[in-house]
Amino acid sequence: MPELPEVEVTRLSFADRIEGARITGVRLGKPLRWPLGCDPAELVAQKVGAVTRRGKYLWLALERGGLLMHLGMSGSLAFGKPAAPPGPHDHFDLVTGRGTLRLTDPRRFGAVVWSASADSGRAAKLLARLGLEPFDAAFDGAHLHAALRKRKVAVKQALLGGEIVVGAGNIYACEALFDAGIDPRTRSDRISRPRAARLAAAVRSTLARALDLGGSTLRDFRDARGMEGAFQLQARVYGRAGQPCRRCGGTVRRVVQGGRASFFCPGCQRR
DNA sequence: AAGTGGACCTGCTAGC
DNA sequence: TGCTAGCAGGTCCACT
């Protein structure tokens, strides 16, 4: 579910409230993607530091190490005062003096992993392959063009891979390619320099707009305050197969790439 | 080495 | 109404 905008909106909705809070308890539910990697009792009495984001991962700094969190496909975090009794999909509670941070994740593709630091140990291994942050000044047309030229996959897959630029998942990769007028099936090494520049700008503007709108709530995404996103109401192509393109009136198509659905307008997007 | 497909897990929806 | 197949926002890993 959560792509960069949802993760960042989540972060912003609880980071300042949890920072400085003292951990008083930890509750684990069913196993997530990876084991926590430490004795939960070791977390108790530690103070929570800054909450930062790298790609779709959140890093909760603690006094000794920190927690790397990922929301997977169906995860969401809530942070609030009296936490209700855990439901069947609540698999991690970090209880603090200021409230409980709770991970709800029906599919359990998400994770909470302890690491000695963000750039060593388990966190470093998970973050090692990530590409540039989309809002990093270094992510521009030239960088994207050079990176795309080295690969032979479809441009949509190159975006989703996260090794060139992080943050665009299935929704925003489709939307950015629409904005840039590029067919998602175009081979990445056939994207011209000007088109790469348009695509880089489209990735940034798409993610920025989604951030502004609180992300996308397709079914159940909420930020840590329980607020839904509104970007899905503005999607140009994602989830709109068979419907008229909002720009040219043509019919939005759905194809499958790498096992994932891609949506595009054949009239507006060219190879 | 890069590209591809399977794996993980649960819930919801459309169609019979 | 009830069952089933197909689909879903991610990404790691094994295999070619």
Side-chain angles (χ1 to χ4, degrees), chain A residues 1-11 29-35 37 53-58 68-77 87-92 103-113 122-131 147-177 184-190 203 206-207 210-211 213-223 228-235 237-242 254-263:
Chain A
M1 132 198 154
E3 304 181 35
L4 183 147
E6 290 75 28
V7 176
E8 180 64 5
V9 161
T10 297
R11 186 183 77 82
K30 287 198 203 174
L32 292 162
R33 178 158 192 178
W34 298 295
R53 180 190 57 73
R54 175 76 175 99
K56 300 170 192 169
Y57 288 90
L58 290 178
L68 191 68
M69 312 184 82
H70 197 288
L71 303 180
M73 287 279 265
S74 58
S76 62
L77 287 171
H89 302 309
D90 297 334
H91 301 303
F92 180 81
L103 174 65
T104 303
D105 185 2
R107 292 177 74 179
R108 292 190 281 128
F109 291 170
V112 181
V113 167
R122 299 217 290 153
K125 194 183 169 195
L126 289 167
L127 301 176
R129 298 188 172 181
L130 300 188
L148 290 176
R149 245 182 10 179
K150 294 180 194 156
R151 314 257 268 120
K152 292 186 193 335
V153 288
V155 61
K156 160 86 179 317
Q157 308 226 50
L159 283 183
L160 275 188
E163 297 184 347
I164 299 174
V165 59
V166 295
N170 211 25
I171 299 177
Y172 303 121
C174 290
E175 295 296 310
L177 285 162
R185 299 166 298 179
T186 312
R187 261 177 51 159
S188 66
D189 59 347
R190 307 248 299 260
V203 167
T206 300
L207 294 174
L211 214 40
L213 292 169
S216 294
T217 299
L218 294 192
R219 83 176 328 152
D220 53 10
F221 170 72
R222 303 288 162 100
D223 71 17
E228 296 190 355
F231 180 94
Q232 71 285 358
L233 302 171
Q234 309 211 332
V237 287
Y238 184 83
R240 302 194 62 245
R254 176 187 188 276
V255 295
V256 174
Q257 299 181 277
R260 323 269 326 260
S262 292
F263 300 88

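Chain naming here is simple, since letters A, B, ... match the order of the sequence lines and numbering starts at 1 in each. Computed from a prediction, not measured in an experiment: that's the story for all the values here. Excluded from the calculations below are hydrogen atoms, water molecules and symmetry mates; all remaining heavy atoms, backbone and side chain alike, are included.
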Roughly how many Å apart are [M] and [N], using the [atom1] atom of each and rounding to a whole number?
N      : M     : atom1 : value
B/dG6  : C/dG6 : P     : 14 Å
B/dG11 : C/dT1 : P     : 22 Å
C/dC7  : B/dG5 : P     : 16 Å

Counting side-chain heavy atoms from C-beta on, which of [options] comes nearest to [X]?
X        : options               : answer
A/Gln157 : C/dG9, B/dT4, C/dG10  : B/dT4
A/Met73  : B/dC9, B/dT10, C/dA8  : C/dA8
A/His89  : C/dC12, B/dT10, C/dG9 : B/dT10
A/Asn170 : C/dG10, B/dG3, B/dC12 : C/dG10

Roughly, in whole Å, what's the span from [atom1] in [X] to [atom2] in [N]?
X        : N      : atom1 : atom2 : answer
A/Lys156 : C/dG9  : NZ    : P     : 8 Å
A/Asp220 : B/dT13 : CG    : P     : 11 Å
A/Glu3   : C/dG9  : CD    : C1'   : 5 Å
A/Leu32  : C/dT11 : CG    : C1'   : 15 Å
A/Leu68  : C/dC12 : CG    : P     : 11 Å
A/Arg219 : C/dC7  : CZ    : C1'   : 9 Å
A/Leu4   : C/dG10 : CG    : C1'   : 13 Å
A/Leu218 : B/dT10 : CG    : P     : 21 Å

Just call it for [X]: base, sugar-phosphate, or nothing, with non-hydrogen atoms closer than 4.0 Å on any strand.
X        : result
A/Arg254 : sugar-phosphate
A/Arg260 : base
A/Tyr57  : sugar-phosphate
A/Tyr172 : nothing
A/Gly169 : sugar-phosphate

Rounded to the nearest 0.5 Å, what's the gap from CZ on A/Arg149 to OG on A/Ser188? Could you check? 11.0 Å
To the nearest 0.5 Å, how far apart are CG in A/Leu32 and CZ in A/Arg108?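 If we round to the nearest 0.5 Å, A/Leu32:CG and A/Arg108:CZ are 7.5 Å apart.
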Respond yes when some side-chain nitrogen or oxygen of A/Lys30 is under 4.0 Å from OP1 or OP2 of B/dC9, and no when none is.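 No.
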Strictly below 4.0 Å: does A/His70 bring a side-chain N or O up to OP1 or OP2 of C/dT11? yes
Given the structure, check if the side chain of A/Arg108 and the base of B/dC9 hold any donor-acceptor pair shorter than 3.5 Å.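 It does not, because no donor-acceptor pair links the side chain of A/Arg108 to the base of B/dC9 below 3.5 Å.
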Please confirm whether any donor atom in the side chain of A/Arg107 sits under 3.5 Å from an acceptor in the base of C/dA8, or the reverse.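 Flag set: donor-acceptor pair detected.
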Using heavy-atom distances to pick each residue's nearest nucleotide on DNA chain B, tell me which of A/Lys152 and A/Phe109 is more 5'. A/Lys152
Shortest non-hydrogen contact from A/Ser76 to A/Arg222?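 The answer is CB-O, 3.9 Å.
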Considering all heavy atoms, the nearest A/Gly110-A/Asp105 contact: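 Shortest heavy-atom separation between A/Gly110 and A/Asp105 comes out as N-OD2, 2.8 Å.
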Modelled atom types, side-chain donor and acceptor of A/Thr206 and A/Glu175, under 3.5 Å: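 There is no such pair (donor and acceptor under 3.5 Å, judged by atom type) between the side chains of A/Thr206 and A/Glu175.
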Can A/Thr10 and A/Asp223 be counted as having a side-chain donor-acceptor contact under 3.5 angstrom? no
For C/dA5, give its Watson-Crick or G-U wobble partner with both distances under 3.5 Å, or none.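 Partner of C/dA5: B/dT13.
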